[in-house]
Amino acid sequence: MPRYVITFSKKGFIKYTSHLDMIRLFKRAFNRSGIFLEYSEGFNPHPKMSFAQPLSLGYTASGELLEFDTKDVFDAGEIKIKMNSNMPGDIRILDCVQIEKDKKSLAAKCCAAEYRIIIPYCGELPDTVEKDFLAQDNIPVMKKAGKRKEEKEIDIRKMIRSFNITAKNNNIILSTILDAGSNSNLSPELLIRSFLDFAGIEADREDIEVHRSQIFM
């Protein structure tokens, strides 16, 4: 059966839609569009559809990836048009391509993601703060892990692939590429917490915006 990849954006209030609800939303949109998905076999069959990386609640995005198998062959452009007509306005299908089937899923191939983090701040940061932050040999943070969600200290320095700071309109903008995947994964939340502590910035988490712009394979 044919396999396709959709690139889509997620903005506005729909950023508060959970990952599980996003799965349900896409399932319904496929059904309404007359695009019937291939299902797995066994006692609990499920549609062959998966996101490259789950997007955290409250994040916006402009380059999310969804791969899926269909029962019939469709024109990729037709899928884009049909899906856009059945999606809420805050989700737009930007592209759709047919790909060759591979044993590895997009989730397994994913290695990094690019984020834009906006932190409200009216003060002035030292000119060297970006250099000084990256100059640290280790950036230790506490992370909850395991079934018991016990906190343990991890070093996130090697998980930061790039990091840039700009100031604009009483905001600090962090542009960063972080490890994202099954082998190594760094949540932007840990980076935010670490940077705020390092720079001595007090900011409410609910006022900080996080946007994922790209996923790298």
Side-chain angles (χ1 to χ4, degrees), residues 5-22 50-67 90-95 105-121 125 129-136 138-145 154-217:
V5 173
I6 276 176
T7 304
F8 68 95
S9 63
K10 181 182 179 183
K11 299 178 181 180
F13 285 107
I14 203 131
K15 69 181 182 179
Y16 298 113
T17 303
S18 70
H19 177 63
L20 290 177
D21 283 335
M22 284 291 291
S50 62
F51 295 91
Q53 279 286 301
L55 188 66
S56 296
L57 193 70
Y59 289 16
T60 57
S62 54
E64 295 303 284
L65 301 174
L66 172 74
E67 67 177 339
D90 287 337
I91 293 180
R92 300 310 297 163
I93 309 301
L94 306 176
D95 193 20
S105 64
L106 290 184
K109 295 178 183 178
C110 181
C111 64
E114 182 178 45
Y115 295 91
R116 186 169 183 264
I117 302 167
I118 302 176
I119 305 170
Y121 185 65
L125 287 176
V129 66
E130 177 185 315
K131 180 180 177 181
D132 293 342
F133 183 72
L134 290 178
Q136 301 177 92
N138 300 290
I139 303 180
V141 297
M142 299 303 294
K143 177 183 178 181
K144 292 182 179 180
I154 63 169
D155 177 18
I156 67 171
R157 179 60 189 89
K158 292 182 179 179
M159 302 180 193
I160 303 172
R161 301 193 175 200
S162 71
F163 184 80
N164 178 261
I165 301 173
T166 56
K168 184 178 181 181
N169 299 329
N170 294 327
N171 289 314
I172 295 171
I173 302 172
L174 308 182
S175 301
T176 184
I177 297 177
L178 309 176
D179 281 1
S182 55
N183 292 327
S184 179
N185 188 78
L186 175 57
S187 166
E189 299 302 318
L190 298 182
L191 176 67
I192 292 169
R193 190 198 314 164
S194 176
F195 175 75
L196 292 180
D197 290 343
F198 179 84
I201 297 173
E202 292 186 6
D204 291 334
R205 177 59 188 88
E206 61 186 17
D207 295 328
I208 298 174
E209 299 177 20
V210 181
H211 179 85
R212 185 160 71 189
S213 55
Q214 191 172 357
I215 296 173
F216 300 96
M217 297 294 120

Engineer: Search all heavy atoms of Ala52 against all heavy atoms of Ile215 and return the closest pair with its distance.
Structural biologist: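 Looking at all heavy atoms of both residues, the closest pair is CB-CD1, 4.3 Å.
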Engineer: What is the minimum heavy-atom distance between Ser62 and Ser9, and which atoms define it?
Structural biologist: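 Minimum heavy-atom separation between Ser62 and Ser9: CA-CB, 3.9 Å.
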Engineer: Got a salt bridge between Glu114 and Arg212, using NZ or NE/NH1/NH2 to carboxylate O under 4.0 Å?
Structural biologist: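 Salt bridge flag = no for Arg212 with Glu114.
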Engineer: Is any side-chain heavy atom of Leu174 closer than 4.5 Å to one of Ile119?
Structural biologist: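 Yes, side chains in contact.
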Engineer: Measuring from Arg205:CZ to Leu196:CG, what's the distance to the nearest 0.5 Å?
Structural biologist: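 So the CZ of Arg205 and the CG of Leu196 are separated by 9.5 Å.
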Engineer: Can you tell me how far the OG atom of Ser187 sits from the NZ atom of Lys143, to the nearest 0.5 Å?
Structural biologist: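 The OG atom of Ser187 sits 8.0 Å away from the NZ atom of Lys143.
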Engineer: Would you indicate whether the side-chain heavy atoms of Lys168 and Thr166 approach each other to under 4.5 Å?
Structural biologist: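 With C-beta onward as the side chain, the pair stays apart.
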Engineer: Under 4.0 Å between a Lys/Arg side-chain N and an Asp/Glu carboxylate O for Arg161 and Asp179?
Structural biologist: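 Looking at Asp179 together with Arg161, the answer is yes, because their closest N to O distance falls below 4.0 Å.
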Engineer: Under the side-chain contact (heavy atoms from CB on, under 4.5 Å) rule, what do Ser18 and Asp21 come out as? Steps first, then yes or no, please.
Structural biologist: CA-CA 5 Å; Ser18 70; Asp21 283 335; 3.3 Å; yes
Engineer: Quick check: does any side chain N or O of Asn169 sit under 3.5 Å from a backbone N or O of Asn171, one acting as donor and the other as acceptor?
Structural biologist: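 Here the side-chain-to-backbone pair does not exist.
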Engineer: Are side-chain heavy atoms of Asp90 and Lys10 found at a separation under 4.5 Å?
Structural biologist: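 The answer is no, as the side chains (C-beta and beyond) never meet within the 4.5 Å cut-off.
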Engineer: Quick one: do Met217 and Leu65 satisfy side-chain contact (heavy atoms from CB on, under 4.5 Å)? Show the steps, please.
Structural biologist: CA-CA 11 Å; Met217 297 294 120; Leu65 301 174; 3.8 Å; yes
Engineer: Within this structure, what is the CD1-SG distance for the pair Ile177 and Cys111, rounded to the nearest 0.5 Å?
Structural biologist: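 It comes to 9.5 Å.
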Engineer: Would you please test Ile14 and Tyr16 for side-chain contact (heavy atoms from CB on, under 4.5 Å) and show each step?
Structural biologist: CA-CA 5 Å; Ile14 203 131; Tyr16 298 113; over 6 Å; no
Engineer: Give me the ring orientation class for Phe51 and Phe8: parallel if the planes are under 30° apart, tilted from 30 to 60°, perpendicular past 60°.
Structural biologist: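 Rings of Phe51 and Phe8: perpendicular, over 60°.
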Engineer: Can you give me the closest heavy-atom contact between Pro188 and Ile117, atom names plus distance?
Structural biologist: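 It is CB-CD1, 4.4 Å.
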Engineer: Find out whether Tyr115 and Leu191 are in side-chain contact, i.e. whether some heavy atom of one side chain is under 4.5 Å from a heavy atom of the other.
Structural biologist: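 When only atoms from C-beta onward are counted, Leu191 and Tyr115 do not touch, as no gap falls below 4.5 Å.
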Engineer: In Å, rounded to the nearest 0.5 Å, how long is the span from CD of Glu64 to CD1 of Ile91?
Structural biologist: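 Separation between the atoms: 10.0 Å.
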Engineer: Tell me, do Val210 and Thr60 make a side-chain contact under 4.5 Å, heavy atoms counted?
Structural biologist: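 When only atoms from C-beta onward are counted, Thr60 and Val210 do not touch, as no gap falls below 4.5 Å.
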Engineer: So, does Thr7 use its side chain to make a donor-acceptor pair with the main chain of Gly63 at under 3.5 Å?
Structural biologist: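 No: the side chain of Thr7 does not pair with the backbone of Gly63.
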Engineer: Find out whether Ile139 and Phe195 are in side-chain contact, i.e. whether some heavy atom of one side chain is under 4.5 Å from a heavy atom of the other.
Structural biologist: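 The answer is no, as the side chains (C-beta and beyond) never meet within the 4.5 Å cut-off.
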Engineer: Evaluate the side-chain proximity of Ile208 to Ile192: yes if any heavy-atom separation is below 4.5 Å, no if none is.
Structural biologist: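 Yes, close enough: below the 4.5 Å cut-off.
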Engineer: Identify the heavy atoms of Asp155 and Asn138 that sit nearest to each other, and give their distance.
Structural biologist: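 Shortest heavy-atom separation between Asp155 and Asn138 comes out as OD2-OD1, 2.9 Å.
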Engineer: With the side chain counted from C-beta on, respond yes when Leu106 and Gln53 share a heavy-atom pair under 4.5 Å apart, and no when they do not.
Structural biologist: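 A side-chain contact is absent here, since even the closest heavy-atom pair is not under 4.5 Å.
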Engineer: Okay, side chain of Ser56, backbone of Tyr59: is any donor-acceptor separation there less than 3.5 Å?
Structural biologist: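 No; zero donor-acceptor contacts below 3.5 Å.
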Engineer: Identify whether the distance between the nearest side-chain nitrogen and carboxylate oxygen of Glu209 and Arg116 falls below 4.0 Å.
Structural biologist: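 Answer for the salt bridge query: no.
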Engineer: Identify the two heavy atoms, one from His211 and one from Ala61, that lie closest to each other, and give their separation to 0.1 Å.
Structural biologist: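 Nearest heavy atoms, His211 then Ala61: CE1-C, 3.4 Å.
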Engineer: CG/Leu134 to CD/Glu130 distance, rounded to the nearest 0.5 angstrom?
Structural biologist: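 Here the interatomic distance stands at 6.0 Å.
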Engineer: Is there a side-chain contact (heavy atoms from CB on, under 4.5 Å) between Leu125 and Ile201 once you walk through the steps?
Structural biologist: CA-CA 9 Å; Leu125 287 176; Ile201 297 173; 3.9 Å; yes
Engineer: Got a second to check how far Arg157's CZ is from Ser194's OG, nearest 0.5 Å?
Structural biologist: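 Those atoms lie 10.5 Å apart.
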